[in-house]
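The chains referred to below are lettered A, B, ... by the order of the sequence lines, with proteins before strands, and numbering in each begins at 1.
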There are 4 protein chains.
Amino acid sequence: MSDHRTLTGQRRRADTRKRIIEAAIPLFAQGGEVLVIEDFVRVANVSRGTFYNYFRTVEELHEAAEQWQLNILNQQVEAKLVGLSDPVERFACALRFYLETGRQDMAWSGFMARLEHGAGSAAERRFTLDLRQGQKDGLFAKLSSSIAYDVVNGLMMRSFARMAVKKTCGWHLDEVVRTAMRALGASSTKVEQALEIFRQRKAVK
Amino acid sequence: MSDHRTLTGQRRRADTRKRIIEAAIPLFAQGGEVLVIEDFVRVANVSRGTFYNYFRTVEELHEAAEQWQLNILNQQVEAKLVGLSDPVERFACALRFYLETGRQDMAWSGFMARLEHGAGSAAERRFTLDLRQGQKDGLFAKLSSSIAYDVVNGLMMRSFARMAVKKTCGWHLDEVVRTAMRALGASSTKVEQALEIFRQRKAVK
Amino acid sequence: MSDHRTLTGQRRRADTRKRIIEAAIPLFAQGGEVLVIEDFVRVANVSRGTFYNYFRTVEELHEAAEQWQLNILNQQVEAKLVGLSDPVERFACALRFYLETGRQDMAWSGFMARLEHGAGSAAERRFTLDLRQGQKDGLFAKLSSSIAYDVVNGLMMRSFARMAVKKTCGWHLDEVVRTAMRALGASSTKVEQALEIFRQRKAVK
Amino acid sequence: MSDHRTLTGQRRRADTRKRIIEAAIPLFAQGGEVLVIEDFVRVANVSRGTFYNYFRTVEELHEAAEQWQLNILNQQVEAKLVGLSDPVERFACALRFYLETGRQDMAWSGFMARLEHGAGSAAERRFTLDLRQGQKDGLFAKLSSSIAYDVVNGLMMRSFARMAVKKTCGWHLDEVVRTAMRALGASSTKVEQALEIFRQRKAVK
DNA sequence: GATGAATGAGTCTTCATTCAT
DNA sequence: TATGAATGAAGACTCATTCAT
């Protein structure tokens with residue numbers, strides 16, 4: 001009995017939290033005006049008090065929304081990379097999948113473009129590990145990992161920003177991937193193979 | 001009515017405007033907290049009313065400060081490029097000089113890192129013209145100018161952001177330039193020549 | 001969600017709104033100085049924020065207060081006119097009751113004197129309909145309804161203004177009614193009858 | 001020499017004052033927004049400092065403008081009444097001339113409509129004297145002079161207000177005069193004579 | 001846990017007034 | 001006298017946060 005109540009309560013809590021986060025994402029994606037708590041309360045259709053039961057500041061909600069989105073995204077992309085072992089192929093394919101997700105959802109691109117994955121972020125740490133591995137095998141130029149991260153991340157973020165406001169075609173995104181990989185000094189043959197793999201895997205949902 | 005009065009007035013106006021802008025730059029550079037008009041009023045040592053005589057919003061002041069800084073910067077860099085005609089050399093040298101300026105003034109780097117020179121900016125238009133010229137001569141890879149701009153600008157902005165918080169050495173900045181130029185598909189020999197020219201010209205003030 | 005909570009909330013809202021309006025009326029009545037939101041906040045004993053939850057400008061509050069007062073007034077006067085069918089009698093009696101209300105409350109007179117019931121107001125439209133009816137029966141002179149409204153309304157407003165600053169006796173107000181009705185060309189016999197009816201009905205509360 | 005300088009100075013002073021007043025009248029006439037000193041400074045093409053050399057507040061300027069306009073108006077109307085001795089004729093003719101001035105200048109009507117010639121004004125005192133004279137001769141009903149003033153002034157002000165926003169024809173204004181005089185109990189024959197005199201005198205400029 | 005009315009500190013913005021030139 | 005830049009007090013308005021129901 002008590003267990004049932006507890007479980008129901010937890011589920012309701014999680015539901016409300018999810019509702020607030022999902023309603024908030026389009027607002028974050030849109031950009032422009034400053035967002036206030038009232039905005040989130042309105043779109044999520046909850047009261048101010050309820051908002052405070054879950055998040056104490058707009059920033060806290062933003063971080064939760066970011067985690068939420070990145071978790072989903074990373075799971076999806078990981079699934080697409082299954083079986084690929086070559087670092088260059090994995091890298092190029094992952095970038096292309098990220099971009100593809102943005103291509104199919106302009107609002108989501110707006111959301112991504114506004115994230116701060118700068119120096120010191122978790123994203124940078126993971127990126128660095130993968131890069132180092134590839135450099136050991138001589139697959140990337142010998143450049144500082146921070147520069148490598150900056151050039152790739154900078155290009156990706158700006159590409160999301162463009163996709164947020166303008167419909168984009170697939171071969172343009174191929175070109176973005178080629179440019180990023182060229183900056184890292186990767187073999188263009190391998191990049192083309194990766195793009196071919198992407199095309200095959202994209203087809204199968 | 002009297003020329004003298006008119007002139008004196010104009011000079012006073014220009015002085016006050018300059019005072020507000022110059023006092024504002026360190027605030028913009030610092031980043032973090034949201035800036036309110038009171039902040040600028042305090043550091044410029046003028047009254048609120050005076051602020052409104054010159055700028056109607058913080059955004060308007062920010063744009064004025066941006067113009068102010070870029071005018072100075074562009075003049076300085078242009079002076080350094082005198083006599084260089086090869087597009088790759090000019091490009092690489094210019095990037096290196098921009099970075100050098102940031103290296104020597106961390107606060108200024110912070111200011112630059114926060115500028116929005118995104119899609120459609122004046123900076124992009126100028127960049128595109130130069131790039132096209134170089135592409136005609138086969139000096140750059142055949143990539144879309146918007147991607148070229150995004151990769152270079154993205155890398156530069158993130159480099160400024162890093163320089164704003166961490167002392168940086170020159171050879172790291174050389175590497176940034178190499179990476180940017182590699183992304184554009186420029187010949188590494190020419191890039192090395194450009195970096196050599198930079199070293200020579202930097203010495204002579 | 002719960003009916004009880006919803007009802008309680010609505011009641012609280014209505015109470016606060018009423019509190020602000022009723023506290024505001026003496027301020028509007030007083031006239032002279034320009035009224036600022038702080039003034040209403042102080043007399044109603046609510047916070048600035050609360051004021052803005054109900055009214056966005058002083059003008060909006062003023063209109064609400066006007067509606068509030070006129071609703072009460074019209075109900076009271078209607079009650080006094082029950083059973084009177086002759087247009088002249090109804091007209092004269094109504095004017096006299098309006099004036100009587102002012103006579104017994106100088107502050108209220110001040111409030112009324114400052115209302116803008118000019119060209120195009122709801123009051124004018126209703127006045128016009130009644131006047132037309134009387135003109136069909138030959139009870140009023142054949143004058144333009146806008147002029148008729150202006151002369152009656154103008155005299156009434158100025159009478160309120162005088163009553164706001166000086167104690168006034170009943171027979172003076174009888175004279176005001178006689179003058180208004182004379183301007184409309186109504187029979188003085190009927191007007192005297194109407195004033196007699198007023199005297200009888202005033203006695204019985 | 002000194003005399004000449006003094007005279008020139010006085011003339012310039014008067015000119016500037018006149019310039020400010022005349023530029024201000026259309027602003028006062030327009031109504032609606034709150035007027036600030038900046039508004040007058042702009043239309044008169046003088047500096048803020050100069051404004052303060054002549055008027056200390058907007059209210060002071062408004063009173064000066066009112067005097068200015070009424071002086072002109074009264075002189076003109078007096079001239080039109082020359083030779084008329086009957087109080088009713090003088091009264092009716094004067095009202096008709098005032099209205100005619102408004103009819104020919106909508107902006108001026110707006111200015112007049114906003115004046116406060118309420119209880120206790122100079123206008124009321126003069127009105128009272130003329131009325132008493134007529135009452136002695138049995139030409140007006142025996143009504144309180146304050147009521148008489150209120151009914152006539154109230155109707156006139158509202159008529160100006162209407163003329164300020166809507167083109168008006170002469171016979172409508174005749175009707176206004178008839179209504180005002182009927183309210184005072186004046187003989188309609190005399191009023192028609194007065195309106196006839198007005199028509200004759202209006203023709204001759 | 002959910003609600004939303006109330007709060008008041010923080011900012012924005014205007015504008016009368018001063019004063020050095 | 002004329003000018004107009006500078007001032008800062010006054011008022012408008014927002015919004016994060018609390019709390020009784």
Of all residues at least two apart in sequence or in a different chain, which pass the ring-ring contact (aromatic ring centres under 6.0 Å, His included) check with D/F51? D/F55
Comparing C/Y52 and D/N45 on DNA chain F - which has the more 5′ nearest nucleotide: D/N45
Separation of atom CD in A/E38 from atom C1' in F/dT17, rounded to whole Å: 14 Å
Are more than 12 heavy atoms from other residues, nucleotides or ligands located less than 6.0 Å from atom CZ of B/R56? no
Using the 3.5 Å cut-off, write out each protein N or O paired with an N or O of nucleotides 8-10 of chain E and the distance between them.
unit_1 : atom_1 : unit_2 : atom_2 : d
E/dG8  : N7     : C/G49  : N      : 3.4

Is it the case that over 12 heavy atoms from other parts of the model lie below 6.0 angstrom from the CZ atom of C/R17? no
Take atom CZ of B/R13 and atom P of F/dT7, then tell me their distance rounded to the nearest Å. 13 Å
Is any side-chain N or O of B/T16 closer than 4.0 Å to OP1 or OP2 of F/dA6? yes
Pairwise side-chain contact, D/K18 with D/I21, heavy-atom cut-off 4.5 Å (strictly under): no
Would you classify C/V46 as touching base, sugar-phosphate or nothing, given that sugar-phosphate means primed atoms plus P, OP1 and OP2, and contacts are heavy atoms under 4.0 Å? sugar-phosphate
Quick one: A/R56 CZ to F/dT18 P, roughly how many Å, whole number? 10 Å
Measure from CD on B/E59 to P on E/dT13 and round the result to the nearest Å. 13 Å
Short side-chain to backbone donor-acceptor contact, B/D39 and B/V36, under 3.5 Å: yes
Rounded distance (Å) that lies between atom C1' of F/dT3 and atom CZ of B/R12: 10 Å
Just how far is it from atom CG of A/L73 to atom CH2 of A/W108, taken to the nearest 0.5 Å? 4.5 Å
Length of the OH-C1' vector between C/Y54 and E/dA5, whole Å: 6 Å
Heavy-atom side-chain contact between C/H117 and C/L70 under 4.5 Å: yes
Integer-rounded Å distance: F/dC13 P and C/N53 CG: 14 Å
Taking atom CG of B/N53 and atom CZ of B/R13, what is their separation to the nearest 0.5 Å? 6.5 Å
Think D/T57 has a side-chain N or O under 4.0 angstrom from the OP1 or OP2 of E/dA16? no
Of B/L35 and C/F51, whose nearest nucleotide on DNA chain E comes first from the 5' end? C/F51
Mind pulling the stems DNA chain F is in, i.e. runs of at least three Watson-Crick or G-U pairs, everything under 3.5 Å? E:2-21 with F:2-21
Does the side chain of D/H62 come under 3.5 Å of the side chain of D/E116 through a donor N or O and an acceptor N or O? no
A/F55 atom CZ is separated from F/dA16 atom P, nearest whole Å, by 15 Å
